[in-house]
Structure formats: C-alpha cells, structure tokens
Visitor: 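Before I ask anything, let me first share the structure, which is written out below as structure tokens.
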Amino acid sequence: MTTVSEQIGSWLEEFEQQQRTCPPSLAPLRAAAFARFAEKGFPTTRDEEWRFTNVAPIARRSWRAIQGYRIEGHATATAPADLSDEALKYLGQSASQANPFVALNTALFREVSFYHVPRNTVLEKPIEITYTAEGEGAYHPRVLILVGSNAQCTIVETYTGKGEYFTNAVTEIVVGEGAVVDHYKVTLESPEAFHIATLQATLGRSANFSSHSLSMGGGFVRNDAGATLSEGTEATLNGLYIVNGEQHIDNHTVIDHAKPHANSHEMYKGILDGKASAVFNGRIIVRQDAQKTDSKQTNKNLVLSDDAVIDTKPELQIWADDVKCTHGATIGQLDSEALFYLRSRGIDKQNARSLLTYAFAQDIIDRVKVPALRDSLERILYEKFNELPQ
Amino acid sequence: MALLEIKNLHATVGDREILKGIDLTIQAGEVHAIMGPNGSGKSTLAGVLAGRELYTVTEGEVRLDGKDLLEMAPEERARDGVFLAFQYPVEIPGVSNMYFLKAALNNIRKHRGEEELDAMDFLNLVREKMKLMEMDQTLLNRAVNTGFSGGEKKRNEIFQMAVLEPRLAILDETDSGLDIDALRTVAGGVNALRGPERSMIVVTHYQRLLNYIVPDYVHVLAEGRIVKSGGKELALELEETGYAGFGIFDEEEAVGKV
C-alpha cells in the first residue's frame, strides 16, 4: 500500500513549479485542487466508484512530466497566464474536484485547449483537438469549450501516442440554451498507456447534446462521462469499447436530470476478447424537480473469450414520481446460429466471426455523424477484427 | 458416380438418437422429396448434410462426388456446392444482405477457380435473380433477414440459392408459413433452378409443396429411418391416407395413442 504522502511527493514539485507562473486569477483554484488531491490521494478499490478499477499501478509510480506531447487542432492551446476572463469564469466549474484525477489535472495542466462558439453561430467543420504523447511521463490535457445559445458545433477529441505514459484528461463543455453539440472522444492510446479522462457537460435549457466515447486503445482506461441537464434538454451518451489481451476499460457515466421535461438516451457497447476486463457503471439521477423525465440506458457486451470479464451496473436514483426510466444490460457471445448461417454460405469461420463482431459494433459507428471520422473508425475496426484470434 | 451417397447414417442430439440408419443415393439432376411427420428426423438429416454442429454422427457415411462430406466444415461443403435453405432463416443485424451475399459468392467462385465478381457485375447478377424471386430490391441494402416477413425470409433463401448456384440444394420445410402466392413464387424460383447438374432434397411435412415442385422420388421418413420410397405418386397417396395410413404418427400424437 502506498501512503497518500508518498503519492503526493512526486506531484508536489510539478505543482510548485506550475504555481510560480500561474496568474493570481487562477492560483486559488489550482491551490484548492491540489489541496483536495493531497488530502485524499488516489482512490482505492474500497471506494465504490473505483471498485473494479485499481489505479495502484498509476499511484505507485513516480511520474515525471512528459516532455514530448503535441496538441493539434482548432482549439487554441492557451497558457494559464493568457486565459481570458471568460475562460477563467467557466474553468473548473463543470468537472467536480471531488474526483482526485480531476483535482490533479486542475492543479497541473499546462495549457487549456479553449474554444468559444459565439451564440447563433453554426460551425460547419468540427472542432478537432488531437493530443499525441510520446515517451514516458504524465500529462494533463485540459479542454474547455463554450457554446453560446442557439449555436451549433461538432467536437472531436482524439488521444493517441507511443510508449508508456499516463494521460489524465479533463474536458468541460458548457452548452447554452438551445444549442446543438455533437461530441466525440476517440481513444487510440498506445497499448502501454494509462488513460484517465473526465468529460463533464453542463447543458442549458432545450439544448441538444450528444457524446460518443470510442475506446479502441490504451492498456488501462477509465472514462467518466457526465452531463447535467436542464429543462427540455436532450442528451445522448453513447460508447463503444473494444478490448483484447490484458486491456482494462472502465466507463462510468452520470446523467443528472436536474429539471423537468428532459430526455436522455444512453447506449454503450463493448467487445471483449483475451483476458481483457471492462466495467460499465451508468448512473441516472432524476431530481425531485425533474418531472416528465424520459431516460433510457442500455449496455450490451459481446464476450469472445472465456477469460474476459465484464462488470456492468445500472444505478438509478429517482426522486421524482412522474418519470420514465428504463435500463438494460446484456452479456452474450456470438450467436452460434448466425455463425452457422454465414458458414453454410461459404464464409469461413474466422471471417464469419469477424463479420458478426463488426456488425455488433456497427450500430454505434453508424451514429457517428462526421464522415471522415466514421471512415477512419471503420478502418480501425476492420483491422482489429481481422486480427482477432480464432 | 452418384452426386450424393448416404449410407447407414446415424446421428444424435445430446444422447438422443434421431437418425437411425438412413440410406439414400441421389444422382445429378434428381429431385428427392423427404416427407415425414414432426420429429421423424427430416430437419436433422438436412442439418447433418449442411454440417450443423448441434448433431453428432455416430455411424455411417455421406459422400459427395465420392468425397467424405462429414469431414468437411460447413463452409467447405458450401464451396463444394451444398446449399441449405433454412427452415428458420437467421436474422443478422448489422450485416447487409448485399455484403453478405457478395462475400459468400466470391468465396465459392474462388473455390471453383472462377474470377471474383466486382461490385458492378455482382449487382447485375443480383438484380436479375431478384426479378426471378419477385423480390423488392431494397431488401438488398437491409441487414440479413432482419425485420423480414416470413415470406420475405423464405424468398431470400431461394434468392441466395439462385445466386450461389449449388449442385446440391437442401430445402428444409421451405413451404412452412407461406401463403399460396408466396408458395408459388418460391416454387417457381426453385423450378427455374432445376437442371441436369443440380440435385435437390426437398424436405416437407405436407404434400402441398410437391404440387409445385414435382419430385422424381419421394421418401417417407419415420423415427429416423426411411420407411418407404417411391415416385411422385407416393406423395399423393400420403396425402390421401395421412401418415397414419402408413402407421406413422407425429411424435406427440403417438404419445396420445399409446
């Protein structure tokens, strides 16, 4: 067991260095975040939120700040000293610092990928942000997107890299009244990478928000995706996770119905092979005020080997009495009748398996509205499933 | 050499013996009907020939052109010209009919030493065959059998058969659940595929289908054995007297009679 103080030591130096260049407007937030992290340290499996995901391999190591990482895309990577008042106003307001990884990110991020879509503006092209890590070390990508009322945009976040590194990402999206936002997060991290990411969206009245989490890489991945809904908001959280070998992926989602007449839809699908493990935990909160909520959650898992493990859990907290909430989870194997049907038409076993596996993932891919992204995901899937062992 | 030769075939599901010694020889170009009540082993025979893993062959042999069929994987059988029209065609969400059939056809063509068809040639072939089956072309872009009506599923089976051009087609209760119009279309599709090089095994409970697909031979299956063989008139005789006239009862009925 690593003690909290041992864990903190390696991060303290980095924090102190960052604070020296931090503007006074941001320093209190960062100091509070670091204090929060220092107090609790990394979570353990005794923490209900982290029961099936043991972060000891991250906590035990003394990570140095990674030297080589690149940020590309349309959002401007802004140093703390250059953050606008507007950015400062929203930064750290959506994602909860109670999550130690969020607190750590808040204390240590070096720049913020910031984008502001003015109200009534429709962006034709997606806002793309790609983080590429190279070499050993830890880094803390931070994204803040503000979308004005009645604006419309698409956001594509991609995480990739080479080597054994730790990505600790936090994305905050604030969506104004009536705005329409499609968000995609593509995880293509290296097989040795640790990837912890939090997405928190704060959604305005009658806003329409969808987020797709597409996890195809990384050795150890934890995604926390959360959305807080307002009156009449439409929110969709979809996900696809594909793990093999000894990969571990944990998806925690929280949909918070704070106000009445909002709808939420959630569809997460997972494909597990080898000795991989996956966790899905979908929490839906319907607050007392949130009458006429309509919420639907589905988690489907396709397990291709005997050694893969999935833990799936819906968590409904309903305080209102006039609501519709449904949830369902399935864990299954490839349909033997369908396999036989394909083989009886001359398609060999391996290809039949690939085809059915691909088909399972297809319906999430079909929901991706950015053609270039959909094509590249299809290519990645195709390569993956043709590699699947028999 | 006979196209298909079945000798003393025994097969089980779990520890239950379903086929108890089937002997059947089929020459190229012949159409054989296999009739029998529920539980007689008709579908088991069809499944064993296509390579369904549910069944275990415990005795006997099956040869296709002299080659040991039972040794072959289902896909190898298909490439060698065996086709099973399923009694219950399987819905496969996410796999388009078009993609599936093109992959199937090109696998089979490759095996025959023929060139693979490109998208254009494939589309032309498919359009022609769809007309034959009076099928709606939009079905091509839909997922395999997904959301198809019972009749559409059965048509899709015969349509696939028309595209894949097997040498031995096994139709497992293709008539079940079809109204008379659909039955005529399906039978018309099957008849169009009859030829000197193509043999068929038509498995059915009822004589009705055989009015439209007229067999060369009829075999009556009961309790896992062929109890009577004859020409097409045997089917009519069976229609007159029912299986009971042959001293055969549906498994569930038989229990009642004891």
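Chain A is the first sequence line, chain B the second, and so forth, proteins listed ahead of strands; every chain is numbered from 1. These numbers come from a predicted model, not from an experiment.
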Visitor: Show the nearest heavy-atom pair for residues A:Leu237 and A:Ala225, with the distance to one decimal.
Guide: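 Shortest heavy-atom separation between A:Leu237 and A:Ala225 comes out as CD1-O, 4.0 Å.
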Visitor: Is the B:Phe86 to A:Phe340 ring centre distance short of 6.0 Å?
Guide: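 Judged by ring-centre distance (under 6.0 Å), B:Phe86 and A:Phe340 do meet the cut-off.
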Visitor: B:Leu164 versus chain A, heavy atoms under 4.5 Å apart: side chain, backbone, both or neither?
Guide: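 The answer is the side chain of B:Leu164.
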Visitor: Where is the tightest heavy-atom contact between A:Ala352 and A:Ile347, given as atom of each residue plus distance?
Guide: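 Heavy-atom minimum between the residues: N-CG2, 3.8 Å.
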Visitor: Can you pull out every ring pair (Phe, Tyr, Trp, His ring centres under 6.0 Å) where at least one residue sits in residues 114-163 of chain B? Sequence neighbours excluded, please.
Guide: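 Residue pairs passing ring pair (Phe, Tyr, Trp, His ring centres under 6.0 Å), neighbours aside: none found.
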Visitor: Quick check: do B:Arg194 and B:Met200 have side-chain heavy atoms less than 4.5 Å from each other?
Guide: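 Yes - at least one pair of side-chain heavy atoms lies under 4.5 Å apart.
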Visitor: Determine whether B:Leu105 and B:Val126 make a side-chain contact, defined as any pair of heavy atoms from C-beta on separated by less than 4.5 Å.
Guide: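 B:Leu105 vs B:Val126: side chains apart.
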Visitor: Where does B:Pro89 contact chain A at under 4.5 Å (heavy atoms): side chain, backbone, both or neither?
Guide: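 Contact with chain A involves both backbone and side-chain atoms of B:Pro89.
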Visitor: Might you point out which heavy atoms bring B:Leu24 and B:His219 nearest each other, and give the distance in Å?
Guide: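 That closest heavy-atom pairing would be CD1-NE2, 3.2 Å.
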Visitor: Mind listing the donor-acceptor pairs under 3.5 Å that bridge chain B and chain A?
Guide:
from     : atom 1 : to       : atom 2 : distance (Å)
B:Arg52  : NH1    : A:Glu337 : OE1    : 3.4
B:Arg52  : NH1    : A:Glu337 : OE2    : 2.3
B:Glu53  : OE2    : A:Arg343 : NH1    : 3.2
B:Glu75  : N      : A:Arg343 : O      : 3.4
B:Glu75  : OE1    : A:Arg343 : NE     : 2.7
B:Glu75  : OE1    : A:Arg343 : NH2    : 3.0
B:Glu75  : OE2    : A:Arg343 : NH2    : 3.4
B:Glu75  : OE2    : A:Lys349 : N      : 3.2
B:Arg79  : NE     : A:Gly346 : O      : 2.9
B:Arg79  : NH2    : A:Gly346 : O      : 2.9
B:Leu84  : O      : A:Arg345 : NH1    : 2.8
B:Leu84  : O      : A:Arg345 : NH2    : 3.0
B:Asn145 : ND2    : A:Tyr341 : OH     : 3.2
B:Glu157 : OE1    : A:Arg345 : NH2    : 2.7
B:Glu157 : OE2    : A:Tyr341 : OH     : 2.3
B:Gln160 : OE1    : A:Arg345 : NE     : 2.5
B:Gln160 : OE1    : A:Arg345 : NH2    : 3.4
B:Gln160 : NE2    : A:Tyr341 : OH     : 3.1

